[in-house]
Amino acid sequence: MANTETPVPFSQLERKWQKRWEETGLFRASEIPSSSKKFYCLVMFPYPSGKAHMGHLRNYTIGDVLSRYRKMTGYEVLQPIGWDAFGLPAENAAIKNKVEPETWTRQNIAAMRSSFKSWGIGYDWSREIATCDPDYYRWNQWFFIQFYKKGLAYRKKSPVNFCPGCQTVLANEQVTPQQTCWRCDSQVVFKDLEQWFIKITAYSEGLLQDHAHLAQGWPEQVLTMQKNWIGRSEGAEIEFDIADSEPLTAAAPEGKKPSLTVFTTRPDTLYGATFLVLAPEHPLAVSIAVPEKKAEVENFIRDSRRLTPLQRRTEAAGGSKKGVFTGFYAIHPLTSEKIPIWISNYVLMEYGTGAIMAVPAHDQRDFDFAKMHHLPIRQVIGKAGAPPQELREAFEEPGILMNSGNFDGHSSENAKHKIVQHLEKIEKAKPVIRYRLKDWLISRQRAWGTPIPMVTCESCGLQPVSEKDLPILLPKGAQYTGQGESPLKKVVEFVRTTCPRCGGTAERETDTMDTFVDSSWYYARYLDPHNAEKPFSFEKAQAWLPVDQYIGGIEHACGHLIYSRFFHKAMKDLNLAKGPEPFARLLSQGMVTLGGSAMSKSKGNVVDPKEIIDQYGADTARLFILFAAPPEQSLEWSEEGVEGAWRFLNRVWRLMEQILNNSPQESSHSRDLLCKLHQAIQEISRDMTRFGFNTAIAELHKLVNTLYAYPSLGDATSRQTLRSLTLLLAPFAPHLAEEIWEKLENRRSVFLETWPTPDPQYLVQEEIEMAVQINGKVRTHIKIPAAASEEEVQKKVLALEKVRDWASGHPIRKVVVVPHRLVNVVTGNSKGSEQ
RNA sequence: GGGCAGGUGGCGGAAUGGCAUACGCGUACGGCUCAGGACCGUAUGGUCGCAAGACCGUGAGGGUUCAAGUCCCUCCCUGCCCACCA
């Protein structure tokens, strides 16, 4: 043992290996893998905000460990990286620092690229992409045009946040919680603009159904969140005629009675419908008021439309549901009763038909509203056998029908179908399936994004740009002031163009695309990043897809992960991809915290990865991060923990020095050592397939501790063990492992070697220790040959003095033998403890 | 209000229904040292006990079982996501 300890020169050693990996192209992946044993590992690409943070280090380390492990187990591995480079922060920087968004972004990319390289992540850098490259975003435009041609892209009016002070559109994150502008404190208002949507709802059912392919590989939590987000519900649309009223009859289409259609998931409660409610935005809301109510209704609608969604939600929540009676009545389709029509802000225009039948007895929201406005409550569902009593709140469970004409006595489930069937016959209803999922609004009134490739021609109207004119480049020299219209609108050469159809003068669309478009298909571009003809070649994509392991934050469960799944399905329909899903397995990693909360500038609890890397090296940082918590959980940063990881790596290094410097006789304990080694191989290999990196590292610790206790370090067995240890350590601490491997073998990269497999002969033990319980409490232990039969074990245990003492006076009722683990002796009065 | 995840030593965490607290951090003591905050070793859930050992212990309370951190029921707390979706 060397007394004066020189710590391992990590930084020098890490630079050496990073350079060598790059020079030898160790992580360069083939264009088409030569067999089906391929592993495409992808971690969600970063936004180049300027500085790499701990969260990045954690995510990319997790991906790297998996990739390196797979490489050593014989897979062809692809691990690419790129930059989600469009977005608002670059525009903000442009306003603040008078620097072009592109310049700012490129600088950040350069800084982060060099950070990632210093972490030793095994990327195939030849495939690096940035979404702000025209080579990349031209394909966003190309996809948009394909979608437009297929009717998957359309335009409609939709509100945006608008600051009257700055005369500019604000993103949600630029609006303060008090609904004011982040720059000038003006009250933010809504403004309707023509905006582009992608018809993601055309794929609602597929997005839901194909969860079946993901049940094995995705966390259940994410699937549940998506399922709720898509929100499929089965129900019926029911038509209510509007009671005779001259103004409406006059306005209705010829020969048709005016009517209102509502959506319900509870047709079984139809007899309990005592009024109808329209959303304030409902097209009939204004026209349906009787003359004497007109002013009141108009006021109400104006007031509620003025509110922001948040304010409206808060106001309408709980028991304070505001509403106004229109003076009109609808005819109940089964009872022909006249029921009043109201307007209220608790009904949403975006869902269903924007109108509901209110069943106060069986829906709490309707109940609240009925109580407040003194509307009738009629119970039509009850528990089997229970007499109806006055309801103090809505009875929302299914039950047995009452007060429901011919349907009395049916169960809710039955009645749902029977009632809809009956209504279908008289043409008053049809069964429908509704989804909560909404179409994807992709228009952004921003200048640092992909220009939407559409023009408006004076004579031909809206026209898509011709594909041969792609990309539509972002103009240089736009002025960023944070005020007024989008900077692109003020670049005349950009806006003024010609019509692709008639050649006449036309005006270019100046909205850009949501950056989620960029990130919806980047995983496929990595497979053919330099293709100038197509977004990517079908053959190359087909060979590498799906992504075998995708890693990223849970916050993307209902955004990015749904958009990408949609894009994949749409690309499949364009014959660009095959297979139902883009990401076979998903890992949602936890965040990095300090003092219990996420690291953030505003909290001032940020630890810069660079400081840690400079002080301890990348291997130490990686090891700590992987050891401190399982990847799905949040990770509490600890400087002491980092030092622990650093100490461990130094310990491994010294172990190597001792083993290389000594050559004693073979020890008589060598079988023990090999048993420990092969147990470790087995455990670590198992841990790698279930993301148990923390327990895998614990096994490495144990193995190192065992080696330290080994009496003849340097003999053949200890060398062999060190050799395997180095392989097992390699995915976690790749630089150190390479260095040790070089000293041991001096041959080739440790990552070209084969991951060790456990040898069964060292996994069997001749003698094992079993716990001996009396009535479920461990009282002693017994050593027993592993091959002993249950009878033999039982006999030996019952012969133990301790067992006889504890059991004395009571008959032995039962003996449970769990092979290789424990024996439980149950005595006569075993229930409870009998002392 | 709904959905999901979680609650285990002083701390991070471990545990296919089968010996709770592996591994690490911290702490204490010892060794090595001119010295060390380096390194090596030992101990370390609580209470009682010189000890052997006993009893108690996985958010609270019940249940199933020979056996429960783990399964079931009721409840409390924390975090994340969604939120009047008819």
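All figures in this text were calculated on a predicted structure; none of them were measured in a lab. In what follows, every chain begins at residue 1, and chains take the letters A, B, ... in the order their sequences are listed.
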Once you round it to whole Å, what is the distance between P of rA14(B) and CD of Glu683(A)?
-> 14 Å
Rounded to whole angstrom, note down the C1' distance from rG24(B) over to rG13(B).
-> 8 Å
Taking the six-membered ring of Phe732(A) (Phe, Tyr or Trp), confirm whether the NZ or CZ of Arg622(A) is under 6.0 Å from its centre and within 45° of its axis.
-> no
Just call it for Arg232(A): base, sugar-phosphate, or nothing, with non-hydrogen atoms closer than 4.0 Å on any strand.
-> nothing
Set of residues satisfying ring pair (Phe, Tyr, Trp, His ring centres under 6.0 Å) with respect to His373(A), sequence neighbours excluded = Trp342(A), Phe369(A)
Write down the distance between CE (Met591(A)) and P (rG6(B)), rounded to a whole number of angstrom.
-> 15 Å
Looking only at atom C1', what distance separates rC19(B) and rU70(B), rounded to whole Å?
-> 15 Å
side-chain hydrogen bond (donor to acceptor under 3.5 Å, both in side chains) partners of Asn605(A), counting only residues at least two apart = none
Between His362(A) and Phe367(A), does the ring centre distance come in under 6.0 Å?
-> no
Spacing between Phe648(A) atom CZ and rC40(B) atom P, to the nearest angstrom = 12 Å
Ring pair (Phe, Tyr, Trp, His ring centres under 6.0 Å) with Phe516(A): which residues, sequence neighbours excluded?
-> Tyr563(A)
With a non-hydrogen cut-off below 4.0 angstrom, is Gln364(A) in contact with a base, only sugar-phosphate, or nothing?
-> nothing
Euclidean distance, atom OH of residue Tyr435(A) to atom P of rA86(B) [Å, nearest integer] | 14 Å
Between the protein and nucleotides 8-10 of chain B, list the N/O to N/O atom pairs that are separated by less than 3.5 angstrom.
none

Listed partners of Tyr550(A) passing ring pair (Phe, Tyr, Trp, His ring centres under 6.0 Å), at least two apart | His560(A), Phe583(A)
Counting a pair only when it is Watson-Crick or G-U and both distances are under 3.5 Å, which runs of at least 3 such pairs involve RNA chain B?
-> B:1-7 with B:76-82, B:10-12 with B:23-25, B:26-31 with B:39-44, B:45-48 with B:53-56, B:59-63 with B:71-75
Does Lys430(A) have any side-chain contact (heavy atoms from CB on, under 4.5 Å) partners at least two apart in sequence or in another chain, and if so, which?
-> Glu237(A), Val432(A)
Residue set satisfying side-chain hydrogen bond (donor to acceptor under 3.5 Å, both in side chains) with Gln679(A), at least two apart, ordered chain then number -> none
rU16(B) base / Arg686(A) side chain donor-acceptor hit below 3.5 Å = no
What nucleic acid atoms does Asn228(A) come within less than 4.0 Å of, heavy atoms only: base, sugar-phosphate, or nothing?
-> sugar-phosphate
Identify, with sequence neighbours excluded, every residue that meets side-chain contact (heavy atoms from CB on, under 4.5 Å) alongside Glu767(A).
-> Lys783(A)
Produce a footprint string for nucleotides 20-31 of chain B: one letter per nucleotide, 5' end first; B if the base is under 4.0 Å from any protein heavy atom, S if only the sugar-phosphate is, - if neither.
-> --BBSSS-----
All ring pair (Phe, Tyr, Trp, His ring centres under 6.0 Å) counterparts of Trp218(A), not counting sequence neighbours = none
Under the side-chain contact (heavy atoms from CB on, under 4.5 Å) test, residues paired with Thr706(A) that sit two or more places apart | Leu673(A), Lys676(A)
